[in-house]
Amino acid sequence: MKHVDEYRDSALARVLVDGIRQVADRPFKFMEVCGSHTVAIFKSGIRDLLPRNISLISGPGCPVCVTSVEDIDKAAAIAGMDGVVLATFGDMVRVPGSRVSLQKAKADGADVRVVYSPFDALKLAQSDPSRKVVFLAAGFETTSPAVAATLGRAIEAGVKNFLLLSVHKTIPGAMRALLDTPELGLDGFICPGHVSTIIGTAPYRFIADEYRRAAVVSGFEPLDILQSTLMLIEQIREGRPSVEIQYRRAVSEEGNPVARGVLGRYFEASDANWRGIGVIPGSGLKLKTEYAAYDAERVLDIKIGESRETRGCICGMVLKGIKNPPECRLFGKACTPETPVGACMVSFEGSCAAYYKYGAR
Amino acid sequence: MCIGIPGRIIKIDGRMATVDVGGAMRNIALDLIEDASPGDYIIAHAGFAIHKVDEEEAIKTLNMIREITGSVEDYDAAF
């Protein structure tokens, strides 16, 4: 068993689709919160397989896409400082800021490095103690424990030139904000798989308890997503909204307490500004005061002008699922993956990039 | 960005493991999981193992799908 191919059996997929067809007796609208789900759904053609009365809409679950313009401006300002290296994950360098992206800052002479793991940023710091290495830490609960563990290793090794600019965000608060958006009219959520690996199911309970909506934590293969869709419909039809796990091989009710322990040692909740959505209370993570020496915002004198959003871009409404990417007048014209105007076109997991790549309408 | 890739631990050296991810050998940190041993499947994300794949649950999920779809053949631990 390789935990991949087994979940791509097309004959089984067809039977699951038939099962969905039989129970889908009214329109259902579900949101896949996670960008990896969006890509999986497009790639496997699930949207075209499902009956027309089932709509799957993409949510705000791409950390690159929801990084605010202001945070990109801060990172670009840091990258331009003398004696500083700015390291971050690949797609982050292409996100437009008010004036420049990090990629443009690099072209203008700033030292910007792309890393695969926060560990690589720590290694950069260790290899050149004369310069400060600032890791622009983006990501949801899947990623933040890895960043926390890396900081732990930096402290252990006595590394003093490794700093974090935390733009981490947490998902459940954003889901609540979406449920409070009446025009969305969601019946339920396909909950993010690997975020749930860390947080478990308890943080989603409000979805069923307070909002009476369905929630299923799903895996990323076609059979996973189809089975999750069927489970969501059944929850609603049977009048028992709850939080169920389809992705049992990677998610348990309690999540990963070891990872949460490492995260909680260094980080605490803060308010966070989501691009296109605005400030969601308690949905960010900042370093605790005792680790201020590793916090780029506290150590460095970051000066930015007034940040401004890109004009004409409807990323905000796309991230909230209110509009589909092709409804944007920039989509596929001024805004393409080669020349992204909005953040959702930058990451390959962004809704706009997925619609563009797979030619969806 | 929350991509997690399943891989199998080949060997462990302190808090680092050599993991076979679809045929490529990767160095993966074990700071975020407990009780990992060579042979275990893990989910790797950003250079860290974030979960030990539960083989039994994986088989249960596949069997559940097979049950819904009326397929008789069961997956078993031999996979």
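Note that the structure is a prediction, hence the values are computed from the model and not measured.
No part of A/Arg260 comes within reach of chain B, as not one of its non-hydrogen atoms sits under 4.5 angstrom from that chain. Only the backbone of A/Val251 comes within contact range of chain B, with heavy atoms under 4.5 Å apart. For a residue to count as touching a neighbouring chain, one of its non-hydrogen atoms must lie under 4.5 Å from one of that chain's; by this rule A/Ser36 touches chain B with the side chain only.
When all heavy atoms are compared, the tightest approach of A/Arg153 to B/Ala29 is NH2-CB, 3.9 Å. Nearest heavy-atom pair, A/Ser117 versus B/Ala46, reported as atom, atom and distance to 0.1 Å: OG-O, 3.0 Å.
Between B/Arg26 atom CZ and A/Tyr116 atom OH the span is 4.5 Å, to the nearest 0.5 Å.
Using modelled atom types, no side-chain atom of A/His194 and backbone atom of B/Ile3 make a donor-acceptor pair closer than 3.5 Å. Counting only distance, with no hydrogens or angles, the side chain of A/Asn256 and the backbone of B/Leu32 share a donor-acceptor pair below 3.5 Å. Checking side-chain atoms of B/Asp31 against main-chain N and O of A/Ala146 turns up no donor-acceptor pair under 3.5 Å.
Annotation: cation-pi geometry not satisfied between A/Arg249 and B/Tyr41 (NZ/CZ under 6.0 angstrom from ring centroid, within 45° of ring axis).
When each of A/Ala149, A/Gly35, A/Ala138 is scored by its heavy-atom pairs under 4.5 Å with chain B, the top score falls to A/Ala149. Ranking B/Arg8, B/Arg15, B/Glu34 against chain A, the residue ahead of the rest is B/Arg15, based on heavy-atom pairs under 4.5 Å. Between chain A and the options B/Ile33, B/Ile43, B/Ile50, heavy-atom pairs under 4.5 Å are most frequent for B/Ile50. Top candidate by heavy-atom pairs under 4.5 Å with chain B, chosen from A/Asp91, A/Thr143, A/Val262, is A/Thr143.
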- Query: Can you list the steps and then say if A/Thr150 with B/Phe48 is a side-chain contact (heavy atoms from CB on, under 4.5 Å)?
  - Reply: CA-CA 10 Å; A/Thr150 305; B/Phe48 284 78; 3.4 Å; yes
